[in-house]
Amino acid sequence: MNIYEQMHSGALYLPNDETLVKEQLLSLDRLYEFNRTRPTELEKRSGCLRRCLPKLGRAVI
């Protein structure tokens with residue numbers, strides 16, 4: 001069972017898997033980028049959200 005299967009199944013896992021850590025850091029960078037935008041930067045904020053939440057689709061963001 002890989003790390004993602006363990007996470008989604010509710011099994012115990014060690015969160016120090018190299019791939020998982022890289023994904024988490026990428027997500028944190030994207031969230032940081034979004035949080036550093038101004039409320040008036042609508043296009044930039046929308047682009048950041050699309051990168052953070054790609055599966056939501058255009059109608060939501």
Side-chain angles (χ1 to χ4, degrees):
M1 184 181 298
N2 70 30
I3 191 78
Y4 299 103
E5 292 169 337
Q6 288 176 305
M7 285 172 30
H8 295 293
S9 72
L12 293 177
Y13 66 94
L14 293 174
N16 61 352
D17 178 79
E18 185 178 330
T19 305
L20 185 58
V21 170
K22 284 181 183 180
E23 264 188 49
Q24 289 171 335
L25 288 174
L26 178 61
S27 294
L28 289 171
D29 278 346
R30 289 175 176 170
L31 289 171
Y32 180 83
E33 181 183 350
F34 175 78
N35 287 329
R36 299 286 295 172
T37 60
R38 297 181 181 277
T40 56
E41 297 177 303
L42 298 177
E43 283 188 39
K44 186 174 182 180
R45 290 173 67 87
S46 181
C48 289
L49 284 176
R50 271 191 230 104
R51 285 187 295 281
C52 288
L53 308 166
K55 294 181 181 180
L56 286 183
R58 295 181 88 59
V60 175
I61 299 173

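Please read these numbers as outputs of a predicted model, since none were measured by experiment.
Going from atom OG1 of T37 over to atom NZ of K44 covers 7.0 Å, rounded to the nearest 0.5 Å. The distance from atom CG of L42 to atom OG1 of T40, rounded to the nearest 0.5 Å, is 7.0 Å. Residue C48 holds its SG atom at 9.0 Å from CD of E41, rounded to the nearest 0.5 Å.
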Return a table of donor-acceptor pairs under 3.5 angstrom between the side chains of residues 7-16 and protein atoms on other chains or two or more places apart.
| unit_1 | atom_1 | unit_2 | atom_2 | d |
| --- | --- | --- | --- | --- |
| S9 | OG | E5 | O | 3.1 |
| S9 | OG | Q6 | O | 3.2 |
| S9 | OG | A11 | N | 3.3 |

Would you give me the side-chain donor-acceptor pairs under 3.5 Å for residues 19-27, sequence neighbours excluded?
| unit_1 | atom_1 | unit_2 | atom_2 | d |
| --- | --- | --- | --- | --- |
| K22 | NZ | E18 | OE2 | 3.4 |
| E23 | OE2 | Y4 | OH | 2.6 |
| S27 | OG | E23 | O | 3.1 |

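The backbone N or O of R51 lies less than 3.5 Å from a partner atom in the side chain of R30, making a donor-acceptor pair.
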